[in-house]
Structures are given as structure tokens and as C-alpha cells.
Peer 1: 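The structure's right below; bear with me while I get my questions together.
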Amino acid sequence: MVTIRLTNSKTRRKEEFRPIDLSHVRMYVCGPTVYDRAHLGNARPVVVFDTLYRLLRHVYGEGHVTYVRNFTDVDDKINAEALRRQKAGSPGTLEELIHERTEETIAWYHADMDALGALRPNHEPRATDFIGQMIAMTQGLIASGHAYAAEGHVLFRVRSYKDYGKLSGRSVDDMIAGARVEVAPFKEDPMDFVLWKPSSGEEPGCGSPWGKGRPGWHIECSAMAHELLGESLDIHGGGLDLQFPHHENEIAQSACAHPHGRFAQYWLHNEMLQVEGKKMSKSLGNFFTVRDLLDGNTPGGVKYPGEVIRFALLKTHYRKPMDWTAEAAREASAELSKWWTATDKVSAGEESTAVVAALSDDLNTHGALTELRKLYKEGDFPSLKASAHLLGLLTEEVRWPYTQSLQATLHHNPNTFGRATLSLNSIEDRLSKLRTAAMASKDFSAVDALKSALIAAGVEVRMSKAGVELVPGPDFDPAKLEALL
RNA sequence: GGCGGGUUGGCGGAGAGGUUACGCAGCGGAUUGCAAAUCCGUGAAGACCGGUUCGAUUCCGGUACCCGCCUCCA
């Protein structure tokens, strides 16, 4: 069996990955808070851990990996949006409006992450479905002396867990010394964090032994991970920004609530993403949601297919900060286009051991891409296709618009793109005839006019001795094509 | 202030104590009505200072600069 090595944030070292149970590898990754569209930064962990999931399935077998990624649907921003809608006259109770908002956001999330070629995890628990478990866990922590209730809140007693701070390399005393936040009067210790907080008047909440309220963010992941994966699991992932306090608190809660479990053995953190060299922010105008990029709602109006976004994200190792640039996306697009052309009519063969080896070495996706380039150069297209699938590339799900074969487009997208494909076929035929005539008459004006129109419609025109070929590109506009008929 | 990460050729970006990274761009060539696409070839690096070593871009120490977290933002 292939040995996978992963950098474990817990030990700060690259370690051999040994699952607790070879026949059941368990991974938990912190998912989104569903208050709005996922932005590009949210996409990075999704793509990174999706690639790890694909590797684990390859190595341990598809049925032997359980991947859990939660939806945090308890959040003040969600509540605020629901309240805004209610005040604007939307019908329904606040609870209903909250549900409406989270359902709509989850649907967006699914659509956007699907476009990136990310497989759906085995479980996508919603925090609101596990409130009972969170309350039970909180009660257990109080009973064992690790938590206390105060003024409607329940707080975790940080000093009761000796390893607090170990994951993020912080000492409790240092943190208190440098703290900038105001300490709530009911806290025994400034570092204690909330397990349960009260809901006032119009705020949504549910009943608990401590009155109406809602769970704290950290307890959600601990409870869901425990419910779905058990006391001990193999991998826990998330963005580096979650390492402290979120993951630190998760560890403290889970370790104290389940002293016989080991919680997560391997902690993986992806580095942050920047856009054009700057931190993504609305004020700098470099803030993009995944949907913005897919739909071309960007400064240049360029549309980025999900596969291009995915490729660009995989170009940088997950533990390094990465910069999203239009240039990197262009390069990704060019390479994918070549690979699609080469592999389109080829059946997937065997996965390259070099690609598997690269991914197994702490998920070296860039190294894997280099190996894919070698396969392309060597002309081993069946292996290129199979190996690219390990990275979630060249899959049927993300195939459009790199279709070399128009028949294939018709076959795979009969409803959406059928008309466009037929148009392309007929125009291809016309252009070919015009060109043949022009070769004899030496008057190429008609050929050039049609060619320019096609390029304007986002269609790549390939003319050679072999004939004429039209390939729709990322900017393909079926409406403009129709106009040429 | 505390903790952590980074600095590689024009750009992006890896691995390895000594042998070509790779991709993009550039340049030269093939092909082409023109172009696009494709293919072949090619120059170019390791922030700075010191140490270890026969030999360091790769290990160790220091300096400078950049970035992140310490604020429920992945």
C-alpha cells in the first residue's frame, strides 16, 4: 500500500499517515457558515481537502473513507439577514426566514463547489440538527468540572485542560498578557470561551437547561464530529485562520468530554489566499465570490470555468500562501485546453504511480501537475486522464467548455448546448467551404470576416491542412453564434 | 507586544547537500493564405551576512523585508 505522509500541525512535522482503522479512514473538515455566497478563499480548503479525499479513496478504497464537512447554520449574520428580511416585509416567522436563508445559501454552496469539481462529502451535517448533542456534551463538561454556567452562558474552563494552546503554540499566560478584548464580567478566566450563550427577546434560540439560547461555534464541530465519526478520528482539516481559537477550543472540548478518545490524530491547515498580491477585501475591489468568477462578474468580465479555478488553486502547495492572479488562471486554462484536446477521445487508463507518489508526499499537488505534464509530453494520454482524475481534473463533471469533439459536446450536454453545437457544426462546414474556395480565388475576405465573428463569439478557430475545427472557449457566447447562422 | 509562515530565473512555482525542475512569457525554428492552436530547440535563479562541509539555493545562526493569527474571516 502507498504510504501517505502529511504535515501534522499538532507536531509541526511531516508524518507517515496511519489510520486508526485501515478499513475506515475518517476525516472532518470545517465547512462554511452559511450566511452568504462562498468567496474564493473559501474554495481553497474545499479543493485541497477534496483532493486529499480523492487520494484517500484511491489508496484505501472508495467505500473505506468517510469525509464529513459541516454547515454552520447558527450565526448572528444569518439572524441579521433574516431580521432584515422580516422588517422588509417578508412573510414568515423569524425561524422560517432563517431557514430560508440557510437553505438558499447551502444550495449556492453546493452549486459553486460542484462547479469546482469537488465531490460531495459523505456527510454534511447542519449544526441545527445536532443541538441536542451539543447540549449533552456541554452538560457532560459541566459535570466533569471543565465548564460552568454563569448568567445564562456556559463557559469552558480553559485552565482545566493542561494542553490548551498546544496546537497553535500559544501559552495561556502569554495570550492573556497580550489580550486586547474586553473580558466579560461573568468569566472566571479571561481565556474561557462560550459553549452556550443566551438569546434575548427577538433573537432565535432553543430551550436548554440554561434557558433559551444557542450553542457557541466551537462546540458545534466537536459535537458533530463525535456524532458522525466517533471519539477518535484520523484527519481534521481547515484553514490556518481556524487553528486558533476554533481548533484549539475544539480539541479542549473533545478531549475533556471524551477522555478515552483521541479526537483527531492529524491536523491539517491550508494557508490563506490572496488576490493580486493583496488580502481579499471589499474595499480593495479584489473580493470575489466563486460565483463571480464562474459568471464573469470580474473587472475584465472574464469567465473562469470551475476547472480553471481548481487548477489554479492546485498550482500552489496547500501549506503556502497563494496568490490568485488573472495570469495564473490564464496559464491554467491554456494547459487544461491542451490536455482536454489530447484526452477527450481516450479512455482513462492506469493512474501514474508518480502522480500518486507526489500527492502522497504531503499532498504535493504542484508536483502532481508536473508529473501530469510529463505524461502529456510522453503522449501517455490514458494515464494522463486517469491521473488527472485524482486531482479532480479532466472529469466529466467539469468537462465544458474544453470539448474538442463537437459530437462529444452534443452527447454530454444534449439539452443545454445542443443548439449551439449544431450551429457550430453548420458554421464549421460553411467556413471550410469558404476556405477551400478562397484557396483557389486568393480572396480571403469572406473567410476572415467569418473567422473574426467566430472569435468574437468566443470560439477558437483552428485551420490547418487537415481542415477547419471550431472549439468553444471559456468566453463562448451561444447567442452571438446564433446570429451568424 | 506574543506566536507562526515566507523570501528561488522576467512571472508563477517544486524537489533534492553535488547531476535539466516544470509551466508561462521571451528568443530561434517547423507548420500556416494570414492568424490561432500545436510541435521542436533555447538563455535566465536561489534576499543579505556568517557558520558547518571537499562542496549549500538545499543544513545551522543572525540581519532585512513581506505575510498571517492573537477580533466566531477558510
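Chain identifiers are assigned alphabetically (A, B, ...) following the order of the sequence lines, protein sequences preceding nucleic acid strands; residue numbering begins at 1 within each chain. Just so it is clear, the values below take in all heavy atoms, side chains as well, and ignore hydrogens, waters and symmetry mates. Nothing here was measured: the structure is a model prediction, and the numbers come from that model.
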Peer 1: For atom C1', what is the distance between B:G15 and B:G26, given to the nearest Å?
Peer 2: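 Looking at atom C1' only, B:G15 and B:G26 are 26 Å apart.
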Peer 1: Round to the nearest Å and state the distance from A:M322 atom CE to B:C67 atom P.
Peer 2: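 Between P of B:C67 and CE of A:M322: 18 Å.
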Peer 1: Using a cut-off of 4.0 Å on non-hydrogen atoms, how would the nucleic acid contact of A:F244 be classed: base, sugar-phosphate, or nothing?
Peer 2: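 Contact class for A:F244: sugar-phosphate only.
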Peer 1: Which atom pair, heavy atoms only, marks the closest approach of A:R214 to A:N79?
Peer 2: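 Looks like NE-ND2, 4.4 Å.
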Peer 1: Which whole-number value in Å describes the distance from A:N270 CG to B:C69 C1'?
Peer 2: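 Atom-to-atom, A:N270 to B:C69, this comes out as 14 Å.
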Peer 1: What nucleotide, of B:G33, B:A74, B:A21, holds the atom closest to the side chain of A:L273?
Peer 2: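 Comparing B:G33, B:A74, B:A21 against the side chain of A:L273, the answer is B:A74.
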Peer 1: Would you mind classifying the nucleic acid contact of A:V48 as base, sugar-phosphate or nothing, using non-hydrogen atoms under 4.0 angstrom?
Peer 2: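 The residue A:V48 makes no contact with any strand.
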Peer 1: For A:Y266, what residues pass the ring-ring contact (aromatic ring centres under 6.0 Å, His included) criterion, not counting sequence neighbours?
Peer 2: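 A:Y266 satisfies ring-ring contact (aromatic ring centres under 6.0 Å, His included) with A:F17 only.
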Peer 1: Is the distance between the ring centroids of A:H317 and A:H366 under 6.0 Å?
Peer 2: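 Between A:H317 and A:H366, which both carry aromatic rings, the centre distance is not below 6.0 Å.
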Peer 1: Tell me whether the side-chain N or O atoms of A:K374 pair up with the base of B:C22 as donor and acceptor below 3.5 Å, since no angle test is needed here.
Peer 2: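 Between B:C22 and A:K374, which were checked side chain against base, a qualifying N/O pair under 3.5 Å is absent.
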Peer 1: For B:G18 and B:A36, measure between their C1' atoms and round to the nearest Å.
Peer 2: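 The same atom, C1', in both gives a distance of 45 Å.
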Peer 1: Using Watson-Crick pairs (N1 to N3, plus N6-O4 or O6-N4) and G-U wobble pairs, both distances under 3.5 Å, which stems of at least 3 pairs involve RNA chain B?
Peer 2: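 In RNA chain B, stems of three or more pairs: B:1-7 with B:64-70, B:10-12 with B:22-24, B:26-30 with B:38-42, B:47-51 with B:59-63.
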Peer 1: Expressed as a whole number of angstroms, how long is the span from A:K433:NZ to B:G33:C1'?
Peer 2: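 Checked: the NZ to C1' distance equals 21 Å.
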Peer 1: Expressed in whole Å, how much space separates the C1' atoms belonging to B:G23 and B:A14?
Peer 2: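 These two C1' atoms come out 11 Å apart once rounded.
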Peer 1: Between B:G46 and B:G10, how many Å separate the two C1' atoms, rounded to a whole number?
Peer 2: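 Those two atoms are separated by 15 Å.
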Peer 1: Heavy atoms only, 4.0 Å cut-off, all strands: where does A:L369 land among base, sugar-phosphate and nothing?
Peer 2: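 Contact class for A:L369: none.
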Peer 1: Given the rule in the side chain to side chain donor-acceptor pair (under 3.5 Å) test, do A:Q274 and A:D323 qualify, once you have shown the distances and angles that lead to the verdict?
Peer 2: CA-CA 5 Å; A:Q274 298 185 314; A:D323 195 17; over 6 Å; no
Peer 1: Sticking with atom C1', work out how far B:G41 lies from B:A56, rounded to a whole angstrom.
Peer 2: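 The same atom, C1', in both gives a distance of 31 Å.
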Peer 1: Restricting to side chain to side chain donor-acceptor pair (under 3.5 Å), what partner residues turn up for A:R170, sequence neighbours left out?
Peer 2: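 By the side chain to side chain donor-acceptor pair (under 3.5 Å) rule, A:R170 matches A:S168.
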Peer 1: Write down the distance separating the P atoms in B:C69 and B:A16, rounded off to the nearest Å.
Peer 2: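 Rounded to whole Å, the distance is 29 Å.
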Peer 1: Base, sugar-phosphate or nothing for A:K77? Non-hydrogen atoms, less than 4.0 Å.
Peer 2: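 Touches sugar-phosphate only.
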Peer 1: Can you list everything that forms a ring-ring contact (aromatic ring centres under 6.0 Å, His included) with A:Y318? Sequence neighbours excluded, please.
Peer 2: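 Listed in chain order: nothing, the list is empty.
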Peer 1: Identify all pairs in which a protein N or O lies below 3.5 Å from an N or O of nucleotides 3-12 of chain B, and state each distance.
Peer 2:
from, atom 1, to, atom 2, distance (Å)
B:C3, O2', A:G169, O, 3.3
B:U7, OP1, A:K320, NZ, 3.3

Peer 1: Does the separation of the ring centres of A:W324 and A:Y304 fall below 6.0 angstrom?
Peer 2: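 Yes, they do, as the ring centres are separated by less than 6.0 Å.
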Peer 1: Determine, using ring centers only, whether A:Y161 and A:H146 are less than 6.0 Å apart.
Peer 2: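 Judged by ring-centre distance (under 6.0 Å), A:H146 and A:Y161 do not meet the cut-off.
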Peer 1: Centroid-to-centroid, A:H110 to A:F71, below 6.0 Å?
Peer 2: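 Aromatic pair counts; centres sit under 6.0 Å.
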Peer 1: Between B:A45 and B:C11, how far is it from one P atom to the other, in whole Å?
Peer 2: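 Taking atom P in both B:A45 and B:C11, they lie 13 Å apart.
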Peer 1: How close or far is atom P of B:A74 from atom CH2 of A:W324, stated in whole angstroms?
Peer 2: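 Taking atom P of B:A74 as the reference, CH2 of A:W324 is at 19 Å.
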Peer 1: Give every pair of a protein N or O atom and an N or O atom of nucleotides 37-43 of chain B that lie under 3.5 Å apart, one pair per line with the distance.
Peer 2:
from, atom 1, to, atom 2, distance (Å)
B:C39, OP1, A:Y376, OH, 2.7

Peer 1: Are A:W267 and A:Y28 an aromatic pair, judged by ring center distance below 6.0 Å?
Peer 2: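 Here the rings of A:W267 and A:Y28 have centres that are no less than 6.0 Å from each other.
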Peer 1: Consider ring pair (Phe, Tyr, Trp, His ring centres under 6.0 Å). Of A:H246, A:H226, A:H247, which one does A:H236 pass it with?
Peer 2: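 Single pass found, and it is A:H247.
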Peer 1: Can you tell me the distance, in whole Å, between the CZ atom of A:F287 and the P atom of B:C73?
Peer 2: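 Distance check: A:F287 CZ to B:C73 P gives 12 Å.
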Peer 1: Between B:U52 and B:G13, how far apart are the two P atoms, rounded to whole Å?
Peer 2: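 One P to the other, the span is 34 Å.
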Peer 1: Which one, B:G23, B:C73, B:G33, comes nearest to the side chain of A:E335?
Peer 2: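 Selected nucleotide (nearest to the side chain): B:G23.
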Peer 1: So what does A:G238 hit on the nucleic acid, given a heavy-atom distance under 4.0 Å: a base, only sugar-phosphate, or nothing?
Peer 2: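 Touches sugar-phosphate only.
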Peer 1: Under 4.0 Å, counting only non-hydrogen atoms across every strand here, what does A:N364 touch: a base, just sugar-phosphate, or nothing?
Peer 2: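 A:N364: backbone/sugar contact only, no base atoms under 4.0 Å.
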Peer 1: Would you check if the distance from the ring center of A:H39 to the ring center of A:F288 is below 6.0 Å?
Peer 2: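 Between A:H39 and A:F288, the centre distance exceeds or equals 6.0 Å.
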Peer 1: Is the distance between the ring centroids of A:H153 and A:W196 less than 6.0 Å?
Peer 2: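 No, too far apart.
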Peer 1: What I want to check is whether an N or O donor and acceptor connect the side chain of A:H317 with the base of B:A14 at under 3.5 Å.
Peer 2: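 Answer no: no donor N or O sits under 3.5 Å from an acceptor.
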